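What follows is a set of notes on a single structure, which appears directly below.
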2 protein chains.
Amino acid sequence: MQTVSVNLGPRSYSIQIIAHETLGWLTFLKSALGHTRKLFFVSDTHTTTLMQKLRDLSLGAYECNHAIIPAGESSKSMAQFSFLLDELAEFGADRQTGVVAVGGGVIGDLAGFAAAAYNRGLPFIQVPTTLLAMVDSSVGGKVGINHPKGKNLIGAFHQPKAVWIDIGSLVTLPEREYLSGLAEVVKYGVIQDPQFFEFLEQNTAKILKRDAAILRQIVARCCRLKADVVEKDEREETGLRMILNYGHTFAHAFETVSGYGHWLHGEAVAAGMVYASRLAEKKDLIPASITERQIKLLSEFRLPVKAESGWKIPDLIEVMKRDKKAQAGRLRFILPVKLGEVRALDDVTEQQVAEVLAP
Amino acid sequence: MQTVSVNLGPRSYSIQIIAHETLGWLTFLKSALGHTRKLFFVSDTHTTTLMQKLRDLSLGAYECNHAIIPAGESSKSMAQFSFLLDELAEFGADRQTGVVAVGGGVIGDLAGFAAAAYNRGLPFIQVPTTLLAMVDSSVGGKVGINHPKGKNLIGAFHQPKAVWIDIGSLVTLPEREYLSGLAEVVKYGVIQDPQFFEFLEQNTAKILKRDAAILRQIVARCCRLKADVVEKDEREETGLRMILNYGHTFAHAFETVSGYGHWLHGEAVAAGMVYASRLAEKKDLIPASITERQIKLLSEFRLPVKAESGWKIPDLIEVMKRDKKAQAGRLRFILPVKLGEVRALDDVTEQQVAEVLAP
Ligand SMILES: NC(=O)c1ccc[n+]([C@@H]2O[C@H](COP(=O)([O-])OP(=O)(O)OC[C@H]3O[C@@H](n4cnc5c(N)ncnc54)[C@H](O)[C@@H]3O)[C@@H](O)[C@H]2O)c1
Ligand SMILES: NC(=O)c1ccc[n+]([C@@H]2O[C@H](COP(=O)([O-])OP(=O)(O)OC[C@H]3O[C@@H](n4cnc5c(N)ncnc54)[C@H](O)[C@@H]3O)[C@@H](O)[C@H]2O)c1
Ligand SMILES: [Zn+2]
Ligand SMILES: [Zn+2]
């Protein structure tokens with residue numbers, strides 16, 4: 001078992017990373033939740049088996065109930081949010097009732113927002129089951145739903161009381177979802193940790209085979225790196241948390257122009273990082289070799305490294321200007337200054353963006 | 001102009017209390033909101049005139065938009081919450097957009113929750129227009145909506161950036177609403193400030209005439225007293241904030257048994273305080289004279305001081321046991337130990353409650 005601690009004063013919590021075990025589950029719950037007597041589990045239709053396993057393990061010590069949400073991004077909606085609140089009320093949830101999200105980022109974000117809003121905040125446990133959720137969405141306290149006018153437009157900051165990561169649950173994850181999660185893993189190397197980037201380069205074969213020992217190390221390192229950022233900027237106030245958006249301004253444009261669902265998020269991030277890295281070259285921040293290493297690693301993970309030929313450059317730039325990260329219509333990019341370090345830049349011109357995007 | 005400061009570290013803010021003025025409005029906004037360029041106003045159908053006045057004053061400096069919500073408690077609903085979020089999205093609200101709630105507690109709670117959830121938190125300004133909202137709901141950061149299964153069941157803690165209280169807006173407030181607000185005013189005297197209680201006793205005539213100078217003092221004092229509590233227990237974690245619930249366990253039972261709307265909230269609180277005070281007598285915490293002074297003052301404010309004869313005592317006790325404040329079915333009451341000081345007690349028996357309620 002490995003443990004990562006997220007230090008946020010009174011909202012501190014720990015992340016347990018295990019492989020194919022459930023032995024410590026009750027002890028884990030007990031120490032995370034204290035006086036809780038009731039648990040409310042949330043899963044989606046693809047993570048119900050694991051949810052039921054954990055629920056059955058909990059039944060001796062807790063009164064349990066659950067809700068199963070349709071799988072997919074469209075469940076991050078006002079309708080499902082409202083449904084979960086109804087179910088919690090029906091269950092007679094009180095201030096101590098724990099909410100346990102078992103699933104990918106969709107379930108974590110949705111159930112987390114319901115936990116944040118019910119009684120102005122119920123204790124919340126994340127059990128991420130996708131690689132993306134393990135290394136990114138389950139850590140940091142951002143929860144929320146989508147609005148027709150914007151992704152993640154409605155939400156809250158609500159830190160979990162603890163995170164339980166069983167690497168074993170990745171066994172059933174579809175290959176494309178798994179590879180997509182690897183894009184965010186690569187991201188941490190580029191923005192924060194050159195040794196970790198090298199470690200990934202040296203272990204591609206094992207990673208592609210989902211070797212449990214390697215994955216445990218990788219997930220633990222990514223959680224630590226994300227926690228480092230979140231600890232310094234819990235509520236996205238100082239601007240530091242922005243470094244996590246490396247590759248994301250481009251990614252967001254790709255996802256919007258192609259329609260969400262064409263590329264998975266991590267696929268868009270993979271190509272987005274390559275373009276951001278090219279921008280950094282153009283601004284003489286880094287040598288081309290740093291971009292080349294990213295392209296090589298992402299390609300070994302079978303991730304896209306360039307935009308599709310049909311997408312129009314002016315359309316992509318238009319979306320970037322409307323991006324939340326843009327300040328007063330001015331483009332803002334997170335660019336590498338060396339492997340393992342990035343910086344936010346406001347002085348990138350549309351011309352420069354167009355040049356790196358040109359085929 | 002009078003100012004009350006609420007000290008909550010990075011979430012500190014100030015409350016401006018004025019009478020029939022709008023002169024400082026733009027300066028107030030500027031200092032509360034900084035870089036904001038867009039304002040979204042929310043009023044109900046009875047506070048639209050004031051909202052429009054403030055909006056018109058703001059038009060030179062801000063791009064403005066607004067929503068008008070039907071007056072009444074039933075607007076604190078998921079449907080209106082969702083409507084406000086749609087309107088904010090339609091308006092193209094960004095992270096800096098300010099939300100300005102102009103109205104009573106219903107508008108403050110509803111608009112405040114929309115402000116809390118949109119983009120995980122927009123800057124929020126309270127402009128309370130009822131006495132209850134001025135002395136209670138606009139200070140402290142609790143926002144939220146009702147659920148069919150529970151009042152204020154869904155919500156957040158979201159402190160305003162500033163509070164603007166124009167005593168002048170009370171002129172149009174219906175008499176019963178005004179008197180109801182006075183119950184919470186009396187409450188502050190009993191729980192925190194014996195001099196203030198005396199001040200109320202000595203000024204009943206002016207208070208009933210809504211004398212602006214007296215009201216300014218009263219509102220400022222109540223805001224200060226509430227801020228003192230909130231500063232020590234911002235998120236209802238230490239238990240201190242509970243003292244604000246003096247009279248409320250009984251009040252909640254009266255409101256539930258008679259159906260919400262029969263008594264206004266302050267009316268239920270008035271009678272509730274009298275019963276809580278009687279319980280304190282029964283437990284030898286205070287002499288009967290302290291209850292008598294409350295009865296006299298509340299009666300001068302034409303507030304009820306006893307339950308209606310039709311209500312069944314077992315029904316009332318049943319509701320109290322289900323109260324959020326009850327711990328594991330055990331009754332919890334906030335009882336005075338002298339004028340100006342209260343304490344939470346867990347050892348009140350059902351028998352004792354029944355005895356004080358007996359006609
Ligand atoms: N809160 C944050 O900080 C944060 C950060 C990044 C992303 N996100 C959000 O996360 C979401 C994406 O998360 P995701 O990629 O995990 O998507 P997801 O939750 O939709 O999961 C992807 C698919 O895999 C299935 N699945 C999950 N676990 C499985 C398992 N163990 N075996 C088989 N199938 C499984 C799901 O049912 C789904 O069909 C987005 O909504 C995004 O906005 C949030
Ligand atoms: N957030 C908190 O900490 C907190 C504390 C106490 C109460 N509350 C909430 O506050 C709500 C009650 O607030 P309220 O008593 O202000 O009710 P309210 O907002 O419904 O106002 C009462 C009535 O007065 C009208 N009105 C408001 N201002 C007016 C004016 N200046 N002139 C004429 N009419 C006016 C309203 O339209 C409404 O019809 C409840 O929902 C309660 O849960 C919240
Ligand atoms: Zn991402
Ligand atoms: Zn009250």
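FYI, side chains are in, hydrogens and waters are out, and symmetry mates aren't considered; it's all heavy atoms of this structure. Lettering of chains follows the sequences in order, A, B, ..., and the numbering in each one begins at 1. From a predicted model like this one, the values you see are computed outputs, not experimental measurements.
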Q | Heavy-atom donor-acceptor pair, B:Arg120 side chain to A:Gly144 backbone, under 3.5 Å | A | no
Q: Would you check if B:Met78 and A:Phe81 make a side-chain contact, meaning some heavy-atom pair closer than 4.5 Å?
A: yes
**Q.** Contact origin within A:Glu237 toward chain B - heavy atom pairs under 4.5 Å
**A.** neither
Q | Region of A:Ala116 in contact with chain B, defined by heavy-atom distances below 4.5 Å | A | backbone
**Q.** Any A:Asp86 side-chain heavy atom under 4.5 Å of B:His147 side chain
**A.** yes
Q) What option among A:Leu88, A:Ile145, A:Asp94, A:Leu85 has the most heavy-atom pairs under 4.5 Å with chain B? A) A:Leu85
**Q.** Contact origin within B:Ala117 toward chain A - heavy atom pairs under 4.5 Å
**A.** both
Q | Rounded distance [0.5 Å steps], OH in B:Tyr118 versus CD1 in A:Ile154 | A | 7.0 Å
Q) chain B: which of A:Ala89, A:Gly121, A:Gly92, A:Pro148 shares the most heavy-atom pairs with it under 4.5 Å? A) A:Ala89
(Q) Looking only at heavy atoms and a cut-off of under 4.5 Å, which of B:Ala114, B:Gly155, B:Pro10 has the most pairs with chain A? (A) B:Gly155
